[in-house]
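Reading through the structure tokens given below for one structure.
Note: hydrogens, waters and symmetry copies are ignored here, and every other heavy atom, side chains too, is used. Predicted model, so just to flag it, every value in this text is computed and none were measured.
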Amino acid sequence: MKVKITFDDVRNSSVVKTYIQKADESLIARGYTEHSFAHVTRVAEDASRILLTLGYDERDAELAKIAGYLHDIGNVINRIDHAQSGAVMAFRILDNMGADPEDIATIITAIGNHDESTAFPVNAVAAALILADKCDVRSTRVRNLDFATYDQHDRVNYAVKESIIDIEKGSHIHLRLTVDLDMCSVMDYFEIFLGRMLLCRKAAEKLGLEFRMSINGEKVI
């Protein structure tokens, strides 16, 4: 009998915990920013909050939350095509848990469409996941403790002291960043994240919204 899997079912799964941990270990070895429990929990919560604020039903928000929590497990295989491999892994995990096929389909579609190289906001859950994932920019994701060896990606992330997603139903979704401009310029930010911000615009449009971004109170998108 198929069941309605909950976020707590997924979060408490020892299998899921192992894959998240091991996926992040692979990224540590490659020098990437944090993709562990802090990141996936924040993405899960923001994806759910976006849909609830916009009036989507609680089940859609729950599926977005599950997709957010599982979205990066494919990194345990390889960073390349991790969205697609992660979707396949999520299918196996959720199917073994007895999840409803329609719920599985929604979750793995969102996961498979979250990486900017191949992403597209094919449905509301995918759009919410894209926005939550791409807007998680903050200094605490930088793990390199040697500032002298920071690359541009480290420097830009470290310069972001606060990131807040505001949602105005029927109008816009607004990413508000507080950035130390002595550490990186606005141009540095866009050089790294322009592709992500354009994807956020598409995702917001899927939800009937305009995407806005401001840095230190000044509108840049």
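- Considering all non-hydrogen atoms of both residues, Ser48 and Ala64 come closest at N-CB, 4.4 Å.
- No single ILVMFWY cluster, assembled from side-chain heavy atoms under 4.5 Å apart, contains both Leu63 and Val88.
- Contacts classified as salt bridge (Lys or Arg N to Asp or Glu O under 4.0 Å) and involving residues 59-76 (residues at least two apart or in different chains) are given here: Arg59-Asp103.
- Linking ILVMFWY residues whenever their side-chain heavy atoms come closer than 4.5 Å, directly or via other members, places Ile77 and Ile20 in the same cluster.
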- Can you check side chain to side chain contact (heavy atoms under 4.5 Å, CB included) on Tyr189 and Met197, steps first, answer last? CA-CA 10 Å; Tyr189 183 92; Met197 297 302 99; 4.0 Å; yes

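- Residues Asn216 and Thr178 meet the side-chain proximity criterion, which asks for heavy atoms closer than 4.5 Å.
- Remark: Asp9 engages no residue in a salt bridge (Lys or Arg N to Asp or Glu O under 4.0 Å) (not counting sequence neighbours).
- Put simply, the side chain of Arg176 never gets that close to the backbone of Ser214: no donor and acceptor are under 3.5 Å apart.
- Annotation: salt bridge (Lys or Arg N to Asp or Glu O under 4.0 Å) contacts involving residues 13-33, sequence neighbours excluded, comprise Lys22-Glu25, Asp24-Arg143.
- With 3.5 Å as the limit, one finds a donor-acceptor pair spanning the side chains of Thr149 and Asn144.
- A donor-acceptor pair under 3.5 Å is formed between the side chain of Thr18 and the backbone N or O of Ser14.
- Note that CD1 of Ile107 is 10.5 Å distant from CD1 of Ile93, once rounded to the nearest 0.5 Å.
- Ala128 pairs by the side chain to side chain contact (heavy atoms under 4.5 Å, CB included) definition with Ala47, Ile50, Leu51, not counting sequence neighbours.
- Val76 approaches Ala23 most closely through the heavy-atom pair N-CB, 3.5 Å.
- Here Leu131 contributes atom CG and Asp136 contributes atom CG; the two are 12.5 Å apart, rounded to the nearest 0.5 Å.
- Hydrophobic clustering keeps Met183 apart from Val220 (ILVMFWY residues linked when any side-chain heavy atoms are closer than 4.5 Å, directly or through intermediates).
- Hydrophobic cluster membership differs between Leu27 and Tyr19, with clusters built from Ile, Leu, Val, Met, Phe, Trp and Tyr side chains linked at under 4.5 angstrom.
- Put simply, the side chain of His35 reaches to within 4.5 Å of the side chain of Arg79, judged on heavy atoms.
- Of the charged side-chain nitrogens involved, at least one lies within less than 4.0 Å of a carboxylate oxygen, so that Arg49 and Asp46 count as a salt-bridged pair.
- In this structure, CG on Leu94 lies 9.0 Å from OG on Ser13, to the nearest 0.5 angstrom.
- Across Ile108 and Phe91, no two heavy atoms sit closer than the pair CG2-N, 3.7 Å.
- Legend: residues meeting salt bridge (Lys or Arg N to Asp or Glu O under 4.0 Å) with Asp8, ordered by chain and number and at least two apart, are Arg11.
- With sequence neighbours left out, the side chain to side chain contact (heavy atoms under 4.5 Å, CB included) criterion links Lys134 to His114, Glu116, Ile130, Arg196, Leu199, Cys200.
- Checking Ser139, Ser163, Cys184 one by one against Val179, the side-chain contact (heavy atoms from CB on, under 4.5 Å) holds for a single residue, Cys184.
- Counting non-hydrogen atoms of neighbouring residues, nucleotides and ligands closer than 6.0 angstrom, the CD1 atom of Ile80 reaches no more than 12 such neighbours.
- Checking Leu129, Val125, Val122 one by one against Thr109, the side-chain contact (heavy atoms from CB on, under 4.5 Å) holds for a single residue, Val122.
- Remark: the backbone N or O of Glu168 is not paired with any side-chain donor or acceptor of Ser171 at under 3.5 angstrom.
- Ring geometry for His174 versus His172: interplanar angle over 60°, hence perpendicular rather than tilted (30 to 60°).
- Note on Val43: it does not cluster hydrophobically with Tyr69, by side-chain heavy-atom contacts below 4.5 Å among ILVMFWY residues.
- Nearest heavy-atom pair across Arg201 and Phe211 is CA-CB, 3.7 Å.
- Judged by distance alone, with hydrogens and angles left aside, the side-chain atoms of Tyr56 form no donor-acceptor pair with the main-chain N or O of Ala61 at under 3.5 Å.
- Within the 4.5 Å cutoff, the side chain of His153 has heavy atoms near those of the Phe193 side chain.
- For the atom pair CG of Asn157 and OH of Tyr32, the computed distance is 12.5 Å after rounding to the nearest 0.5 Å.
- Looking at every heavy atom in both residues, Ala127 comes nearest to Leu207 through CB-CG, 3.9 Å.
- For the atom pair Leu181 CG and Asp188 CG, the distance stands at 9.5 Å (nearest 0.5 Å).
- Proximity of Leu54 to Leu209: side-chain heavy atoms (C-beta onward) are separated by under 4.5 Å at one or more points.
- Nearest heavy-atom pair across Ala132 and Ile165 is CA-CD1, 4.5 Å.
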- Message: Evaluate His71 against Asp133 for side chain to side chain donor-acceptor pair (under 3.5 Å), listing each step before the verdict.
- Response: CA-CA 9 Å; His71 79 281; Asp133 182 38; 3.2 Å; yes

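- Side-chain contact between Leu52 and Glu58: present, with at least one pair of heavy atoms (C-beta onward) separated by less than 4.5 Å.
- From Ser185, atom OG reaches atom CZ of Arg155 across 8.0 Å, with rounding to the nearest 0.5 Å.
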